[in-house]
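A short worksheet on the structure shown next.
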There are 2 protein chains.
Amino acid sequence: MNERALKLWVVLSRAHASVEAHVRADIARHGLTSGEFGALEALHSKGPMLLGEVKKKILLSSGGITYVVDRLEEKGLVERRACPEDRRASYAALTEEGTALMKRIFPLHAAAVARAVSGLDAAEQEEASVLLRTLGRHAERLGEGS
Amino acid sequence: MNERALKLWVVLSRAHASVEAHVRADIARHGLTSGEFGALEALHSKGPMLLGEVKKKILLSSGGITYVVDRLEEKGLVERRACPEDRRASYAALTEEGTALMKRIFPLHAAAVARAVSGLDAAEQEEASVLLRTLGRHAERLGEGS
DNA sequence: ACAGAGCATCTCATAACTGAGATATTTGGC
DNA sequence: GCCAAATATCTCAGTTATGAGATGCTCTGT
């Protein structure tokens with residue numbers, strides 16, 4: 001029955017929006033947007049990445065990734081670096097300032113996220129993560145044909 | 001530990017974005033945006049609602065709800081009606097055309113949503129709905145103090 | 001009755017994107 | 001080697017929002 005699916009979609013949307021409001025408010029305190037923070041987070045955990053990799057990681061459009069990296073470059077947090085193997089592509093990498101910022105604010109961010117999702121206990125969070133990973137992966141694959 | 005919370009937030013974001021991409025593509029085929037469809041859906045299921053009620057239902061800012069209802073009025077799908085008890089407020093209500101549109105496209109939409117969340121079976125969808133409702137409700141309440 | 005706090009909505013400037021098309025490069029088949 | 005298709009990023013116009021402040025109305029306490 002489709003009602004079950006609709007209900008899931010509604011609660012997924014609301015849960016995302018409600019949690020995001022908290023996360024966004026936390027991020028905004030550091031003068032960043034969600035998109036910017038997503039990119040910084042990716043670069044912080046994985047090191048320099050091609051713009052296309054960042055784009056996939058944080059699910060932004062082609063124009064969006066250019067926009068976000070431009071903003072981060074203006075703020076001095078990220079720099080573009082040429083990619084020797086492919087001259088169409090370029091890397092984004094944290095600057096020293098970007099690294100320092102992330103070291104400083106990441107723990108605060110993690111605490112804010114923990115607070116925002118504290119409606120579920122540890123076991124429920126694990127359970128929800130498993131279900132959502134399955135859900136997300138499947139939805140991603142569905143779209144690959146277009 | 002905060003890692004669990006961060007992981008949950010990441011998979012929640014990705015799952016939402018991936019599913020939304022499908023839902024948005026479906027809605028766009030009918031010339032509507034997600035916000036517009038959300039408002040139409042609310043009005044379709046509950047009948048005429050105050051703008052403030054719609055705003056809460058689909059989690060839009062004050063400017064956003066004005067914008068969305070303006071668009072829907074331009075398209076002839078919704079009309080504003082004066083609220084006799086409170087002259088600051090107004091109702092949004094589906095027009096005949098809006099009702100007809102929703103009757104026509106809602107089943108198609110439901111099918112598209114069902115496809116988008118088909119990575120989980122029926123029992124998992126129920127399970128996820130329960131967890132996400134708890135998560136969302138809690139996050140909403142957290143923000144009420146500000 | 002009335003001041004002032006509290007609300008519902010609207011207005012406006014601006015942000016944060018999207019998506020189509022442009023540009024430059026690479027890759028695979030012939 | 002060469003051409004066409006694929007790919008990575010950028011550009012640009014337009015869209016969908018946000019959030020602060022304005023406006024007009026209602027409610028509360030006195």
Side-chain angles (χ1 to χ4, degrees), chain A residues 13 16-18 20-25 27-29 31-40 48-75 78-93 143-146, chain B residues 13 16-17 20-25 27-29 31-40 48-75 78-93 143-144 146:
Chain A
S13 297
H16 177 258
S18 302
E20 203 211 8
H22 291 288
V23 174
R24 170 151 50 185
I27 289 173
R29 268 200 291 282
L32 298 168
T33 66
S34 306
E36 289 168 353
F37 191 87
L40 290 176
M49 298 171 78
L50 293 174
L51 293 197
E53 294 173 326
V54 179
K55 164 169 144 14
K56 262 189 197 157
K57 187 91 186 164
I58 63 177
L59 300 180
L60 233 47
S61 64
S62 65
I65 190 63
T66 299
Y67 176 78
V68 163
V69 174
D70 282 355
R71 289 293 144 299
L72 290 171
E73 236 177 356
E74 280 170 19
K75 291 177 183 176
V78 159
E79 61 185 8
R80 283 178 169 87
R81 292 182 192 160
C83 172
E85 298 86 34
D86 185 344
R87 296 194 355 218
R88 294 168 302 179
S90 52
Y91 286 103
E144 275 167 11
S146 62
Chain B
S13 296
H16 177 257
E20 203 209 10
H22 291 288
V23 174
R24 172 152 48 186
I27 289 173
R29 268 201 292 282
L32 298 168
T33 66
S34 307
E36 289 169 353
F37 192 88
L40 290 175
M49 297 170 79
L50 294 173
L51 293 196
E53 293 173 327
V54 178
K55 163 168 144 18
K56 261 189 199 159
K57 187 91 184 164
I58 63 176
L59 300 180
L60 232 46
S61 63
S62 66
I65 190 62
T66 299
Y67 175 78
V68 162
V69 174
D70 282 355
R71 289 293 144 299
L72 290 171
E73 236 176 356
E74 280 170 19
K75 291 177 181 173
V78 158
E79 61 184 10
R80 283 180 170 87
R81 291 181 192 161
C83 171
E85 298 86 33
D86 185 344
R87 296 192 358 214
R88 293 168 304 179
S90 53
Y91 286 102
E144 276 167 9
S146 61

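In what follows, chains are A, B, ... by sequence order, proteins preceding strands, each numbered from 1.
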State which of dT9(D), dC17(C), dC10(C) makes the closest approach to the side chain of Leu51(B).
dC10(C)
Interatomic distance where CZ belongs to Arg24(B) and P belongs to dA17(D) [whole Å]
9 Å
Using a 4.0 Å heavy-atom cut-off across all strands, classify Thr33(A) as base, sugar-phosphate, or nothing.
sugar-phosphate
With heavy atoms under 4.0 Å as the rule, sort Gly52(B) into base, sugar-phosphate or nothing.
sugar-phosphate
Does a side-chain N or O from Arg88(B) land closer than 4.0 Å to OP1 or OP2 of dC27(D), or not?
no
Taking the side chain as every heavy atom from C-beta outward, state whether Ser18(A) and Leu59(B) have any atom pair closer than 4.5 Å.
yes
Round to a whole Å and report the spacing from CG of Asp70(B) to P of dA17(D).
13 Å
Of the listed nucleotides dT9(C), dC17(C), dA8(D), the one nearest the side chain of Ser62(B):
dT9(C)
Residue closer to the 5' end of DNA chain C, Ile65(B) versus Gly35(A) (nearest nucleotide)
Ile65(B)
Presence of Tyr67(B) side-chain N/O under 4.0 Å of dT16(D) phosphate oxygens OP1/OP2:
yes
Salt-bridge criterion met for Arg71(A) and Glu74(A) (N-O under 4.0 Å):
yes
What's the closest nucleotide to the side chain of Ser61(B) if the choices are dT18(D), dA8(C), dA17(D)?
dT18(D)
Distance, nearest 0.5 Å, that separates NZ of Lys55(A) from OG1 of Thr66(A)
9.5 Å
Asp86(B) CG - dT9(C) P separation (whole Å):
8 Å
Nearest to the Ala89(B) side chain among dC25(D), dT9(C), dA8(D), which nucleotide is it?
dT9(C)
Under 4.5 Å between any side-chain heavy atoms of Lys75(A) and Leu32(A), yes or no?
yes
Figure out the CG/C1' separation between Leu60(B) and dT16(D), and round it to whole Å.
9 Å
Is Gly64(B) touching bases, backbone alone, or none of the nucleic acid, heavy atoms closer than 4.0 Å?
base
Applying a 4.0 Å non-hydrogen cut-off, can you work out what Ser34(B) is touching in the nucleic acid: base, sugar-phosphate, or nothing?
nothing
Value in whole Å for how far the C1' atom of dT18(D) lies from CD of Glu20(A):
12 Å
Taking side chain as C-beta onward, heavy atoms only, is Arg80(A) less than 4.5 Å from Leu51(A)?
yes
Output the single nucleotide from dT9(C), dC25(D), dT18(C) whose closest atom is nearest the side chain of Leu50(B).
dT9(C)
Take the protein atom CZ of Phe37(B) and the nucleotide atom C1' of dA17(D), then report the distance between them rounded to whole Å.
19 Å
Measure the distance from CZ on Arg80(A) to P on dA8(D) and round it to the nearest whole Å.
16 Å
In whole Å, what is the span from the CG atom of Leu72(B) to the P atom of dT16(D)?
11 Å
